[in-house]
Amino acid sequence: MGLDIAGASGYHEKNGARFRHRKRGYGMCKDAVVFFNKPKGVDLEAGKSYMYCMCGRAKEGLFCDGSHKGTGCMPLKFTVEKSKAYLLCRCKSSKNLPFCDGTHSFYGEDDVGGPVMGE
Ligand code: FES
């Protein structure tokens with residue numbers, strides 16, 4: 001079963017298509033797939049550059065391993081100011097990528113590996 005968004009708040013329908021009441025997250029790729037429907041806590045170092053996986057196809061679903069080739073996605077380079085654990089998005093739908101903003105709650109287990117929701 002795919003994503004069941006019938007009756008979910010935050011959506012509207014127009015010309016037979018469903019649209020989400022939000023803008024895509026920064027750099028969000030329309031070809032991305034949901035790697036997982038929950039974030040993962042990762043220790044990150046201040047000042048170090050990371051390449052976040054935007055396509056949802058990297059082995060761990062977090063950092064680019066080149067799996068985006070052939071998709072329209074590109075990794076997102078980012079740094080953090082403080083060394084600590086951060087919750088990184090693995091549903092690829094956060095408005096604050098690479099960080100989780102809770103948007104994953106719209107996805108169920110059956111949506112893992114499927115397309116991300118669009119606008
Ligand atoms: S895992 Fe994507 S918003 Fe939480």
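Start at 1 and go down the list; that is how both ligands and their atoms are numbered.
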message: With a 4.5 Å cut-off on side-chain heavy-atom distances among I, L, V, M, F, W and Y, is there a chain of contacts connecting Y86 to L97?
response: yes
- request: At a cut-off of 2.8 Å, list the protein N/O/S atoms near atom 2 (Fe) of ligand 1, residue plus atom name.
  value: C89 SG, C91 SG
Donor-acceptor pair, side chain of T79 and main chain of G47, under 3.5 angstrom: no
- prompt: Ring centroid separation for Y52 and F63, is it under 6.0 angstrom?
  reply: no
query: Counting N and O atoms only, with roles assigned by atom type, does the side chain of S83 sit under 3.5 Å from a partner on the main chain of A46, one being a donor and the other an acceptor?
result: yes
- request: Answer yes or no for C55 and C73: SG-SG distance under 2.5 Å.
  value: no
query: Where do T103 and D101 land on the side-chain hydrogen bond (donor to acceptor under 3.5 Å, both in side chains) test, with the steps shown first?
result: CA-CA 6 Å; T103 300; D101 71 351; 2.6 Å; yes
